[in-house]
There are 2 protein chains.
Amino acid sequence: MQGESSQEPNRARQRRDGVRLADVAAAAQVSTPLASRVLNADPNVRAADETKARVLEAAERLGYVPNIGARTLRQRRTGLLGLVVHNLSSPIYLDLLQGARTEAAANNYFLVLGDVDELLTDEEAYRILVNGKRIDGLIVQGGHGEFDQRIADIAHALPTVIVNAPPTLTETVAPLVAPDEGAATRMLTEHLLALGHTRIGLISGPRDSPTNQLRVEGVRAALASAGCALHDVDTVHLTWSAEAGHAGLRELATRWGNSSTRPTALIAGNSLIGIGMLRAAAELGIEVPRDLSIAAVHDTWISEHLVPALTTVSLPLREMGETAVRLLLTDRPEAQQIIISDPPPLLHARATTATN
Amino acid sequence: MQGESSQEPNRARQRRDGVRLADVAAAAQVSTPLASRVLNADPNVRAADETKARVLEAAERLGYVPNIGARTLRQRRTGLLGLVVHNLSSPIYLDLLQGARTEAAANNYFLVLGDVDELLTDEEAYRILVNGKRIDGLIVQGGHGEFDQRIADIAHALPTVIVNAPPTLTETVAPLVAPDEGAATRMLTEHLLALGHTRIGLISGPRDSPTNQLRVEGVRAALASAGCALHDVDTVHLTWSAEAGHAGLRELATRWGNSSTRPTALIAGNSLIGIGMLRAAAELGIEVPRDLSIAAVHDTWISEHLVPALTTVSLPLREMGETAVRLLLTDRPEAQQIIISDPPPLLHARATTATN
DNA sequence: TGGTCATGATAAATCGATTGTTCACACATA
DNA sequence: TATGTGTGAACAATCGATTTATCATGACCA
């Protein structure tokens, strides 16, 4: 009986199915290290062109692909970058993701996705990601009080780029890539001012959120330049969601009551909030833009499809993603602040804003 | 002069900064293999509980994290899963992504993102991902004619789960995870029928798209059960985008002209199309739902925030992501078809549909 | 023509965790 | 008491690419 051989007919192929560098080298009749150097285009190798060609041809013919594990073990780099944002389900960061992914792919890097909350709560995930050298670098969305210390820890252990955070805390921690929030909100506010609005309100994200503070700051500055002011009574701070926009406008409407002294225009902290505001306006019988103009920071794909189409100012999210990846890949990122000014914030004047 | 030592004061820490398994073993006064087995909870190890505790304590105290490269090299698994969809910028797949990521994270796996087009066009990316064993498994969105052969190739080289594709081609290729398209579209159609609509039209994605065919099929079946039919003249097939919905409704309006014989309700192939239709309706002076009811397949977060809020039927995208990951992680996936029926498609009757 | 230097290819070590194999010890039975 | 069996831990090999150190060869100069 030949039980063994019949039980495992193809045991030989079982073990290693891939083509090793050694196989390529053997096929090209060179040593393994030389093959490695040729394939990695080591400039110190001055082998005959014919030899190089033989190696490349053999690699191509055998379909050689370097073993990731071995390379990672030796070189201590994984070819992976982490991208950690606050809410993966939010459409707000799709452009950031897209930009980062494209730039990463162009350099044969891959992106792994993380969630900020997970990094905060799941100690295991934190360890694997940060201490385990699972990724070569991390792009993390910043701007959250209790989280800042954690980011500092991470940045200490791993090349890190912070995205979309206030410049203050990042100065010595990690490089920052951010949009020109001031220019964007100023542009939006000036658009409303130019339309003749003088009393302008605001519904935005958490009051303490640094991003919110930057945006409010921009609005204030632009209003001040025109001799106007931002009144607390015209301001609501909740979250960055559509629900918050909805609740926010209802809150303002309650404050207004039947009084005729109220803002003629409102700024939304982001386009999600703007969407919620449009819905609330419809429910309340407020006609936009006749009774109220609405303009939102942070354009998204949806803005132009709304009825009425939402006036926004676009932030260079895609470029931020690209830049963040480039920072991580080029040189060891020094702590610096990069405000993306190309392209500059762009005003999309649509149907929700009109002359007062 | 002690130039050397002053030039590199902390050279000792330079080389290896991580804690190795050997360090843990030394600290716990056991051998490296034993430490490995204890940390991996090998059931064959019956070391004294005290010994085990010492190993675990040492690992904890030193902050040990296994080196990914070494583990990958030895075990031939990367702890990564690939997720490849058609358009990462599309908000349609956020729930799928979220579900897959959550389930992966629960098993200490990470997700790397890919783009279908890239996999088609970039030979390099294909090689790295598929042949390079960079990931342990792949979730890929299927349902595209010329791409199906490629998926078969991939599935041959790598554990693969196809998401959201027609059952036909996947039978022998890889397991499939899909929503119950038939039930969903039937539910939507019956909702319109129940409201008294008898002539119902459709604007959907590419005619040849298998997903589209399933959805159209469902509509046809439900209409047939009620003694109605789907007329070609009431049907437009473009893409899955909001722009397509916009263009589609304008096309239908042109066909209708001044004739009063036209559908009283339209079904949108997905909610993006529905959004575009709402905008076109507003432009054309068609009041929804008074003049025309609109209902869309595939609920997304935006539907309820539109004005008027879009009636939809939700697909279990999140559960599909979870299931796909679970399939890849549990056992080697056999070719099978899993239609997610829990939760079942859920009708969200909102403001865009009304009695005829 | 012999010696030295430059150049590039090869040999051997390395990265760190895992796993098949061997070994030692203890207990039980003859 | 001696041998056999079983159990659990240590030894050593392995995964595959990279890189340092070593060696051989050729050229060029004296």
Side-chain angles (χ1 to χ4, degrees), chain A residues 11 13-52 54-55 58-59 62-79 108 127-128 131-134 136, chain B residues 11 14-52 54-55 58-59 62-79 108 128 131-134 136:
Chain A
R11 176 160 130 218
R13 309 188 321 158
Q14 212 83 347
R15 197 75 201 134
R16 66 170 62 85
D17 37 12
V19 179
R20 297 186 318 248
L21 179 60
D23 300 331
V24 174
Q29 295 176 307
V30 297
S31 71
T32 314
L34 179 56
S36 169
R37 295 195 162 99
V38 169
L39 290 175
N40 289 335
D42 185 328
N44 291 340
V45 158
R46 274 186 267 284
D49 286 346
E50 194 272 330
T51 308
K52 287 185 180 176
R54 217 167 54 225
V55 172
L62 299 176
Y64 168 74
V65 182
N67 179 298
I68 301 294
R71 171 175 283 179
T72 297
L73 175 57
R74 191 67 178 97
Q75 292 192 331
R76 296 157 183 276
R77 44 167 231 111
T78 59
N108 285 333
R127 277 200 162 169
I128 294 180
N131 300 325
K133 305 217 175 289
R134 198 174 221 323
D136 295 336
Chain B
R11 174 157 131 219
Q14 210 82 351
R15 196 82 200 127
R16 65 169 63 84
D17 38 11
V19 179
R20 299 186 316 251
L21 179 60
D23 301 330
V24 174
Q29 295 176 306
V30 298
S31 70
T32 314
L34 180 55
S36 168
R37 293 192 165 103
V38 169
L39 291 175
N40 290 334
D42 185 329
N44 291 340
V45 158
R46 276 186 266 282
D49 286 346
E50 195 273 331
T51 308
K52 285 185 181 175
R54 217 167 54 225
V55 172
L62 298 176
Y64 169 73
V65 183
N67 179 297
I68 301 294
R71 172 175 279 180
T72 297
L73 175 57
R74 189 68 176 108
Q75 291 193 330
R76 296 159 181 278
R77 44 168 232 111
T78 58
N108 285 333
I128 294 179
N131 301 323
K133 304 217 177 291
R134 193 165 224 326
D136 296 336

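Throughout, protein chains are lettered first and strands after them, A, B, ... in sequence-line order, and every chain is numbered starting at 1.
Rounded to an integer number of Å, the gap from CG of B/Leu21 to P of C/dA17 is 5 Å. When rounded to the nearest whole Å, the span between CG of A/Asp49 and P of C/dG8 equals 12 Å. As rounded to whole Å, 11 Å separates atom P of D/dG8 from atom CG of B/Asp42. One atom, CD of A/Gln29, and another, P of C/dA9, lie 15 Å apart when rounded to the nearest Å. Rounded to whole Å, the distance from CZ on A/Arg77 to P on D/dT18 is 9 Å. Here C/dC15 presents its P atom at 12 Å from CG of B/Asp23, a figure rounded to the nearest Å. Between the C1' atom of D/dT19 and the CD atom of A/Gln75 lies a distance of 10 Å, rounded to the nearest Å. Going from atom CG of B/Asn67 over to atom P of C/dC15 covers 11 Å, rounded to whole Å.
Formation of a donor-acceptor pair under 3.5 Å by the B/Asp136 side chain with backbone atoms of B/Thr78 is found in this model. The closest donor-acceptor contact from the side chain of A/Asn131 to the backbone of A/Ile128 lies at 3.5 Å or more, if one exists at all. Between the side chain of B/Thr72 and the main chain of B/Ile68, a donor-acceptor pair closer than 3.5 Å is present. Judged by distance alone, the side chain of A/Arg54 and the main-chain N or O of A/Ala28 form a donor-acceptor pair under 3.5 Å. Of the possible polar contacts, one joining the B/Asn67 side chain to the B/Gly69 backbone as a donor-acceptor pair under 3.5 Å is found.
With hydrogens and angles ignored, no donor-acceptor pair closer than 3.5 Å exists between the side chain of A/Arg76 and the base of C/dT14.
Listed nucleotides: C/dT19, D/dT18, D/dA9. Nearest to the side chain of B/Leu34: D/dA9. Comparing atom distances between the A/Arg71 side chain and each of C/dA17, D/dA17, C/dG16 picks out D/dA17 as nearest. In the set D/dA17, C/dG16, D/dT18, the nucleotide with an atom closest to the side chain of A/Tyr64 is D/dA17. Here the side chain of A/Arg74 is nearest to one of D/dC11, C/dA17, D/dT19, namely D/dT19.
For the pair B/Leu73 and B/Arg37, both in contact range of DNA chain C, the more 5′-proximal nearest nucleotide belongs to B/Leu73. When the nearest nucleotides of DNA chain C are assigned to B/Pro33 and A/Val30 by heavy-atom distance, the more 5′-ward of the two goes with A/Val30.
In this structure, A/Thr32 reaches the bases: a heavy-atom distance under 4.0 Å links it to at least one base atom across the strands shown.
Contact annotation: A/Ser36 side-chain N/O to D/dA17 OP1/OP2 distance is not under 4.0 Å. Residue B/Asn40 places at least one side-chain N or O under 4.0 Å from the OP1 or OP2 atom of C/dT18.
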